[in-house]
There are 2 protein chains.
Amino acid sequence: MRPSDVPDLRDLELFREMSEERFEDLMHGAYVQTFPPMVDLITEGDMSDFLHVVLEGRVELFASWNGHETTIATVEPIATFILAATINDAPYLMSARTLEKSRLILLPSSDVRKVFDADGAFARSVVRELSARYRTVIKNTKNLKLRSSLERLANYLLHQYEIEGCNAEFDLPIEKRKIASFLGMTPENLSRAIRGLRPYGVEIDAQHVKIADFDALQNLAKPSPLIDESDVPLTE
Amino acid sequence: MRPSDVPDLRDLELFREMSEERFEDLMHGAYVQTFPPMVDLITEGDMSDFLHVVLEGRVELFASWNGHETTIATVEPIATFILAATINDAPYLMSARTLEKSRLILLPSSDVRKVFDADGAFARSVVRELSARYRTVIKNTKNLKLRSSLERLANYLLHQYEIEGCNAEFDLPIEKRKIASFLGMTPENLSRAIRGLRPYGVEIDAQHVKIADFDALQNLAKPSPLIDESDVPLTE
DNA sequence: CTTCTCACTTGATAATTATCAAGCATAAAC
DNA sequence: GTTTATGCTTGATAATTATCAAGTGAGAAG
């Protein structure tokens with residue numbers, strides 16, 4: 001693996017507190033790999049063999065049942081995914097695929113569990129990571145159960161707006177059909193929801209978004225810190 | 001607090017691994033309280049002051065937004081709730097109320113965090129608890145996004161059926177309107193979904209359920225271990 | 001440059017789910 | 001025992017969301 005990747009990893013809250021020695025133990029069995037777009041990385045139901053860390057690119061986490069598929073989250077650098085399955089030594093609940101060309105670090109799950117058992121500081125970091133992620137999925141559940149698709153879209157746009165530095169114009173980070181799936185609707189329905197936001201000063205042309213009337217949009221979206229404020233991206 | 005409550009607590013996986021000394025530290029500031037039905041215990045948005053443990057009775061976790069309310073989970077003895085908020089020192093994402101007369105142990109959040117910082121074994125227990133709960137919420141998200149309300153009800157019944165020892169007849173554990181809210185539908189819709197399951201051999205009279213044709217129900221529900229097998233109840 | 005692919009959009013329609021209103025039934029309160 | 005409250009059910013209707021089908025347009029592949 002490139003030596004230049006290690007400091008990146010070390011910056012993650014998950015690995016920041018652990019001793020240098022343990023960190024090196026963990027890095028010893030790790031390897032870096034680059035994948036083309038649309039490559040399946042893991043399949044739900046399989047046992048966790050590696051803790052994955054996205055260094056570059058973008059990864060989609062999704063789940064299937066009875067012929068349907070839904071996007072649970074997208075993971076952007078630098079972040080881990082499937083931490084819970086790794087620690088629990090349990091089967092993956094989600095599948096993962098690259099959306100773009102992506103570079104990942106793979107840490108053997110058994111190594112992670114070994115360090116977890118030996119290093120209390122790492123265990124505490126895992127707690128902080130997991131509790132933040134737990135809270136994020138609870139927020140997502142509230143979003144799904146308490147809001148209509150139009151309201152979810154409005155809040156999604158407000159959230160992106162904030163991420164993009166509160167600029168009135170920005171680009172959508174992923175394909176619309178992925179946004180639709182993440183928000184729990186069909187692509188057709190998203191198209192119509194986008195048109196439905198026009199009276200609220202939202203103009204979307206292809207990937208480009210323009211928030212012309214922030215107050216009107218906010219008035220519709222009614223964002224709440226108990227649903228929309230991000231602890232951490234909705235990954236695992 | 002009653003001395004007899006302590007062994008119950010000690011049986012919880014969360015408290016089983018920690019040293020006797022730490023456990024006593026934790027119990028020192030704890031107190032037991034009994035509440036009548038329908039008492040608000042915590043309100044979403046408030047800061048976490050106590051880790052709650054249900055000893056007897058039943059507690060509902062719910063969330064509100066814009067005049068709507070939804071049940072996220074019910075907590076049954078013996079289990080903790082709002083662990084993530086306690087550890088994170090963050091505001092509650094859910095409110096809690098007693099559904100029945102209930103007895104709880106309240107552990108001051110600052111004490112829990114103190115032990116968490118000092119005792120690596122406890123930190124690891126917290127990880128196991130949180131990761132199991134995290135996975136339960138992810139399963140719940142898949143349930144909500146991938147299934148129709150009829151399918152969710154069918155799987156809910158199969159799940160209860162298993163909990164009740166695979167007996168073809170059993171009673172619903174909570175009010176139908178709570179089940180409806182938990183499953184993400186209105187009470188009216190639940191009523192109709194119950195009738196909709198009649199062709200699949202499901203007879204429900206008040207609280208009493210009879211599964212007359214297990215295969216037909218299972219064929220409709222298509223339960224999956226990646227959605228329906230419980231790691232842990234969906235509390236916090 | 002042309003063709004092809006595929007995400008996206010739009011329209012028409014169907015299915016699902018929610019809302020509103022009324023009646024029923026059970027259980028608690030008096 | 002009667003009254004009251006309330007959860008549940010049912011019906012009618014509306015809103016939301018999904019499905020199917022066809023067309024558009026931008027970018028990739030040739």
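In what follows, chains are A, B, ... by sequence order, proteins preceding strands, each numbered from 1. All values below come from the heavy atoms of this structure, side chains included, with hydrogens, waters and symmetry mates left out.
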Salt bridge or not between Arg147(A) and Asp228(A)? Use side-chain N to carboxylate O under 4.0 Å.
yes
Quick check on side chain to side chain contact (heavy atoms under 4.5 Å, CB included): which of Ile138(A), Asn143(A), Asn155(A) does Ile227(A) satisfy it with?
Asn143(A)
Tell me the closest heavy-atom pair linking Leu183(B) and Arg152(B), and the distance in Å.
O-NE, 2.6 Å
Going by atom types only, do Ser109(A) and Asp49(A) share a side-chain donor-acceptor pair under 3.5 Å?
no
Could you check how far NE2 of His68(B) sits from C1' of dA15(D), rounded to whole Å?
13 Å
Counting C-beta onward and ignoring hydrogens, is there a side-chain heavy-atom pair between Leu158(B) and Pro223(B) closer than 4.5 Å?
yes
Does the pair Glu129(A)/Arg133(A) count as a salt bridge with the N-to-O cut at 4.0 Å?
yes
Protein heavy-atom contacts under 4.0 Å, written 5' to 3' over nucleotides 22-30 of chain D as B (base), S (sugar-phosphate only) or - (none), form the string ---------
Residues in contact with DNA chain D, drawn from residues 143-154 of chain A - heavy-atom cutoff 4.0 Å:
Ser148(A), Ser149(A)
With Phe62(A) via ring-ring contact (aromatic ring centres under 6.0 Å, His included) - residues at least two apart:
none
Among residues 216-224 of chain B, which contact DNA chain D at a heavy-atom distance under 4.0 Å?
none
Once side chain to side chain contact (heavy atoms under 4.5 Å, CB included) is applied, do any residues pair with Asn189(B), and if so which ones, sequence neighbours excluded?
Ser149(B), Met185(B), Thr186(B)
Close N/O contacts between protein and nucleotides 8-12 of chain C (under 3.5 Å):
from, atom 1, to, atom 2, distance (Å)
dC8(C), OP1, Lys176(A), N, 2.8
dC8(C), OP2, Arg177(A), N, 3.0
dT9(C), OP1, Lys176(A), NZ, 2.7
dT9(C), OP2, Ser191(A), OG, 2.4
dT9(C), O5', Ser191(A), OG, 3.0
dG11(C), N7, Arg192(A), NH2, 2.4
dG11(C), O6, Arg192(A), NH2, 3.1
dA12(C), N6, Arg192(A), NH2, 3.3

The helix from dC1(C)-dG30(D) to dC30(C)-dG1(D): angle between end helix axes, five pairs per end, rounded to 10 degrees:
40°
May I have the distance from Leu183(B) (atom CG) to dT16(C) (atom P), rounded to whole angstrom?
17 Å
Among pairs that include at least one residue of residues 137-174 of chain B, which meet ring-ring contact (aromatic ring centres under 6.0 Å, His included), considering only residues two or more places apart or in two chains?
Tyr161(B)-Phe214(B)
Got a sec, which residues hit side chain to side chain contact (heavy atoms under 4.5 Å, CB included) with Asp11(A), two or more places apart in sequence or on another chain?
none
Can you list the residues that meet the salt bridge (Lys or Arg N to Asp or Glu O under 4.0 Å) rule with Arg198(B), with sequence neighbours excluded?
none
Under-4.0 Å salt bridge between Glu69(B) and Lys145(A)
no
Categorize Gly184(B) for me: base, sugar-phosphate, or nothing, with a 4.0 angstrom heavy-atom threshold over every strand shown.
sugar-phosphate
Can you list everything that forms a salt bridge (Lys or Arg N to Asp or Glu O under 4.0 Å) with Glu203(A)? Sequence neighbours excluded, please.
none
Tyr92(B) side chain reached by Thr43(B) side chain, heavy atoms, under 4.5 Å
no
With sequence neighbours left out, which residue pairs that include part of residues 153-179 of chain B fulfil the salt bridge (charged side-chain N to carboxylate O under 4.0 Å, His left out) condition?
Glu60(B)-Lys178(B), Glu175(B)-Arg177(B)
